[in-house]
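All remarks here apply to the structure that follows.
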Amino acid sequence: MRPEALAALRGVEHILHAGDVGDIAVLRRLREIAPVTAIRGNVDTHGACSELPATDVVELGDKLFYLVHSVHDLDINPVSAGVAMVVSGHSHKASVHVRNEVIYFNPGSAGPRRFSLPVTVGFVTVEDGVEASVLELAVGSR
């Protein structure tokens with residue numbers, strides 16, 4: 001766990017993890033900060049991480065959030081399902097875009113640096129609507 005990521009997450013009300021957990025201890029540590037909804041990713045093939053669900057849905061602030069590791073594996077119609085946001089992770093590349101009034105959010109990765117991508121965490125605010133943002137962490141090499 002990057003200390004910079006843990007510090008950035010302090011004070012959040014809920015944590016969504018879109019897979020590639022790697023070690024179940026990561027989720028235990030995150031649960032010390034806030035409740036966690038997590039799914040497995042393609043690296044979660046052994047041990048407790050392999051038992052995480054492939055997808056999950058959680059309601060936060062009267063809005064539905066659908067977690068799927070790779071957005072290319074999306075197995076529902078988010079509009080028909082009333083989903084406000086699809087949260088994915090597989091590419092480790094942070095992005096936010098809206099299609100048919102559904103937000104597609106990839107917060108990037110706060111774990112080991114992947115490729116030459118920045119180390120990031122994402123934040124979602126649920127008030128009158130839903131907004132997503134990405135914070136790039138200033139970290140040393142890991």
Side-chain angles (χ1 to χ4, degrees), residues 1-139 142:
M1 291 293 308
R2 290 183 184 274
E4 301 89 351
L6 294 172
L9 293 170
R10 295 230 184 279
V12 301
E13 294 178 23
H14 199 102
I15 297 172
L16 304 175
H17 197 302
D20 286 352
V21 176
D23 184 340
I24 203 69
V26 169
L27 298 182
R28 285 196 289 269
R29 184 66 184 96
L30 292 174
R31 286 187 182 109
E32 293 174 9
I33 296 171
V36 174
T37 301
I39 60 170
R40 71 177 177 267
N42 57 292
V43 304
D44 299 319
T45 59
H46 298 77
C49 291
S50 68
E51 297 174 16
L52 293 168
T55 63
D56 207 348
V57 64
V58 62
E59 183 176 349
L60 301 169
D62 295 327
K63 303 291 183 187
L64 290 179
F65 295 81
Y66 189 76
L67 283 73
V68 60
H69 184 60
S70 173
V71 74
H72 300 293
D73 295 331
L74 189 61
D75 57 351
I76 65 165
N77 179 325
V79 175
S80 297
V83 168
M85 180 179 285
V86 173
V87 180
S88 64
H90 181 66
S91 71
H92 302 274
K93 183 177 180 182
S95 66
V96 181
H97 67 276
V98 179
R99 187 171 60 232
N100 297 325
E101 298 184 26
V102 174
I103 301 169
Y104 290 79
F105 184 40
N106 183 329
S109 175
R113 188 178 300 272
R114 307 289 179 135
F115 319 108
S116 60
L117 296 171
V119 177
T120 58
V121 292
F123 293 93
V124 174
T125 304
V126 181
E127 289 179 0
D128 295 334
V130 178
E131 293 183 13
S133 62
V134 175
L135 173 67
E136 184 174 345
L137 301 176
V139 298
R142 179 175 172 197

In Å, rounded to the nearest 0.5 Å, how long is the span from CD1 of Ile33 to CG of Leu9?
5.0 Å
Sorted by chain and residue number, the ring-ring contact (aromatic ring centres under 6.0 Å, His included) partners of His97 (sequence neighbours excluded) come out as Tyr104
First locate atom OG of Ser88, then atom CG of Asp73, and finally report the distance between them rounded to the nearest 0.5 Å.
10.0 Å
Of all heavy-atom pairs between Ala38 and Leu52, which one has the smallest distance, and what is that distance?
O-CD2, 4.1 Å
Side chain to side chain donor-acceptor pair (under 3.5 Å) contacts touching residues 36-47 (sequence neighbours left out):
His14-Thr37, Asn42-His69, Asn42-His90
Would you be so kind as to tabulate the donor-acceptor pairs closer than 3.5 Å made by side chains of residues 121-137, with sequence neighbours excluded?
none

Tell me, yes or no, whether the heavy-atom count around Glu101 atom CD, taken from other residues, nucleotides or ligands under 6.0 Å, exceeds 12.
no
Close side-chain approach of Ile76 to Thr55, heavy-atom, < 4.5 Å:
no
Heavy-atom side-chain proximity of Ile39 to Tyr66 below 4.5 angstrom:
no
Considering all heavy atoms, the nearest Asn77-Val79 contact:
OD1-N, 2.9 Å
Counting heavy atoms not belonging to Asp75, are there more than 12 under 6.0 Å from its CG?
yes
Taking all non-hydrogen atoms of both residues into account, name the closest pair between Met85 and Val83 and its distance.
O-CG1, 3.1 Å
Test item: Thr120 side-chain N/O and Pro107 main-chain N/O as donor-acceptor pair under 3.5 Å:
yes
Expected output: side-chain Asp23 to main-chain Ala25 donor-acceptor under 3.5 Å
yes
After noting the C-alpha distance and the side-chain angles of His92 and Asp20, does the key distance pass the side-chain contact (heavy atoms from CB on, under 4.5 Å) rule?
CA-CA 10 Å; His92 302 274; Asp20 286 352; 3.1 Å; yes
Evaluate the side-chain proximity of Leu30 to Met1: yes if any heavy-atom separation is below 4.5 Å, no if none is.
yes
Any donor-acceptor N/O pair, Asn106 side chain to Ser95 backbone, under 3.5 Å:
no
Shortest non-hydrogen pair, Val119 vs Ala110, comes out as CG1-CA, 3.7 Å
Euclidean distance, Cys49 SG relative to His17 NE2, rounded to 0.5 Å
8.5 Å
